[in-house]
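What follows is one structure encoded as structure tokens, with my remarks underneath.
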Amino acid sequence: MAEAQPYDDRDGKIWLDGQLVDWRGANVHILTHAMHYASSVFEGQRAYGGEIFELTRHSERLHTSAKILGMPMPYSVEEIDQACRDVLAANNLVDAYVRPVAWRGPEQMGVAAQATKTHVAVAAWEWGDYFRNKERGIRLDIAPWRRPAPYTAPVHAKAAGLYMICTMSKHHASDRGYDDALMMDWRGQVAEATGANAFFIQDGIIHTPTPDCFLDGITRQTVMGLAKKRGIKVIERTIWPEELEGFEQFFLTGSAAEVTPVREAGPWNFEVGDMTLDLMNDYSKLVRGQLSNS
């Protein structure tokens, strides 16, 4: 479904290669390497009350992703942190989504990219809940595509190319009336949703897939810390689809999704229970500075 206002036709400022430019003028050439060969990495982070949650960790991960893809970053972590803050201020945003992105430019065309330069931009905009009515619990389809094996793709980079199968799986789910899709990995084990990590609850214990072929999300790590602070045991392990029948609760975590309960995934149903709602509330307080995770 198209949004009311396209993202290339908005008022405001975007930070592009070291300076703030007019939103509509933040453009790249059609022969940009990233457009043809997916040589791009990005981050997604949220600001609450004017402060970007875990900003430096996101900027560090952007650097790590670029390094994995062999893209030299022209700006330090500290400079990217400041660019994110500058974009937030320039657009008078308090609660917002912030998107840093780095890509190979148009200096060379073809699979080889040694002569390209790494370009960097940061944009920010108001963005409410990623899922509508998430408190009720969302419905997940089972994705027809699987997360790739670590020996076939740079699975620990937040690389744009890895999200192609996520988009395809999301569209497949939407066409069938679902909110999102649960993805398995190349072995058939439970992995994640199209843009969020998965957690399951059984008998007061949280179980979550080992992130060996997908991102160990910053929100994922944060929520695991919140659970342990409550004295809840968290187990990272292999989870097979047939185990889903025995889980009582299921929720997703991500910078965009935050903490989102799941009430249905394929043929399996779950309750939106107190433990999930408590962690959703804890996360909401934490990101707004009302709760410590220490």
Side-chain angles (χ1 to χ4, degrees), residues 7-8 10-29 31-35 37-108 113-127 154 156-163 195 215-222 254-256 286-289 293:
Y7 281 90
D8 63 344
R10 300 187 176 204
D11 296 325
K13 298 290 184 180
I14 289 176
W15 188 92
L16 176 61
D17 286 339
Q19 59 183 333
L20 290 167
V21 301
D22 182 77
W23 189 291
R24 294 177 180 85
N27 300 315
V28 297
H29 194 271
L31 292 181
T32 292
H33 195 276
M35 184 177 295
Y37 300 101
S39 49
S40 171
V41 296
F42 68 98
E43 281 297 315
Q45 54 222 34
R46 282 188 184 267
Y48 302 89
E51 294 292 330
I52 301 171
F53 184 66
E54 295 287 16
L55 171 58
T56 297
R57 288 181 69 188
H58 280 285
S59 298
E60 289 172 344
R61 190 170 67 179
L62 185 72
H63 263 254
T64 298
S65 295
K67 183 177 181 180
I68 291 172
L69 267 65
M71 295 167 50
M73 284 290 286
Y75 302 98
S76 68
V77 168
E78 293 76 17
E79 287 173 316
I80 294 170
D81 279 356
Q82 190 58 51
C84 293
R85 297 188 188 100
D86 290 347
V87 167
L88 208 62
N91 291 286
N92 298 311
L93 293 170
V94 176
D95 294 316
Y97 186 80
V98 185
R99 168 55 56 85
V101 58
W103 67 95
R104 289 189 173 107
E107 297 82 13
Q108 182 178 5
Q114 293 93 332
T116 61
K117 296 179 181 178
T118 304
H119 299 265
V120 184
V122 179
W125 60 91
E126 290 184 355
W127 204 14
H156 296 298
K158 196 169 176 66
L162 292 172
Y163 282 80
L215 286 181
D216 181 4
I218 291 171
T219 307
R220 177 184 187 273
Q221 297 170 40
T222 299
S255 294
L286 176 68
V287 297
R288 291 171 174 81
N293 200 17

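Below, all heavy atoms of this structure are taken into account, side chains as well, without hydrogens, waters or symmetry copies.
Side chains of C84 and Q45 form a contact here, defined as non-hydrogen atoms less than 4.5 Å apart. Using a 4.5 Å heavy-atom cutoff, the side chains of V98 and L88 are in contact. A 4.5 Å side-chain heavy-atom check between I80 and M73 finds at least one atom pair inside the cut-off.
Using a distance-only test at 3.5 Å, with no hydrogens or angles considered, a donor-acceptor pair links the side chain of R46 to the main chain of A256. E43 places no side-chain N or O within 3.5 Å of a backbone atom of P100 that could act as its donor or acceptor partner. Listed for the R24 side chain is a donor-acceptor partner under 3.5 Å among the backbone atoms of R10. Side-chain atoms of T219 come within 3.5 Å of backbone atoms of S255 as a donor-acceptor pair (strictly under, hydrogens ignored). A donor-acceptor contact shorter than 3.5 Å links the side chain of Q221 to the backbone of D216.
To the nearest 0.5 Å, atoms NZ (K117) and CD (E107) are separated by 6.0 Å. From R57, atom CZ reaches atom CZ of R61 across 8.5 Å, with rounding to the nearest 0.5 Å. Here the CZ-CD1 distance, from R99 to I14, works out to 11.5 Å after rounding to the nearest 0.5 Å. Taken from NZ in K158 to CD1 in I68, the straight-line distance is 12.5 Å, to the nearest 0.5 Å. The distance from the OG1 atom of T118 to the CG atom of D17 is 9.5 Å, given to the nearest 0.5 Å. Separating the CZ atom in F42 from the NE2 atom in H58 is a distance of 11.5 Å, to the nearest 0.5 Å.
Across all their heavy atoms, W103 and A34 have their closest contact at CB-CB, 3.6 Å. The minimum heavy-atom distance linking V87 with A123 is given by the pair CG1-C, 3.9 Å. Among all heavy-atom pairs drawn from A26 and V21, the shortest one is CB-CG2, 3.9 Å. Between R104 and T32, the shortest heavy-atom contact is O-CG2, 3.3 Å. Annotation for G105 and T116: closest pair O-CG2, 3.6 Å, computed over non-hydrogen atoms. Nearest heavy atoms, H119 versus P106: NE2-CD, 4.1 Å.
Note: Y97 and W125 have tilted aromatic rings, judged against thresholds of 30 and 60 degrees for the angle between ring planes.
Scanning for salt bridge (charged side-chain N to carboxylate O under 4.0 Å, His left out) contacts around D86 gives an empty result, with sequence neighbours left out. When the salt bridge (charged side-chain N to carboxylate O under 4.0 Å, His left out) test is applied to D8, no partner is found at least two apart in sequence or on another chain.
Using modelled atom types and a 3.5 Å distance limit, the side chains of S39 and H33 yield a donor-acceptor pair.
Surrounding CD of E51 are at most 12 heavy atoms belonging to other residues, nucleotides or ligands under 6.0 Å away.
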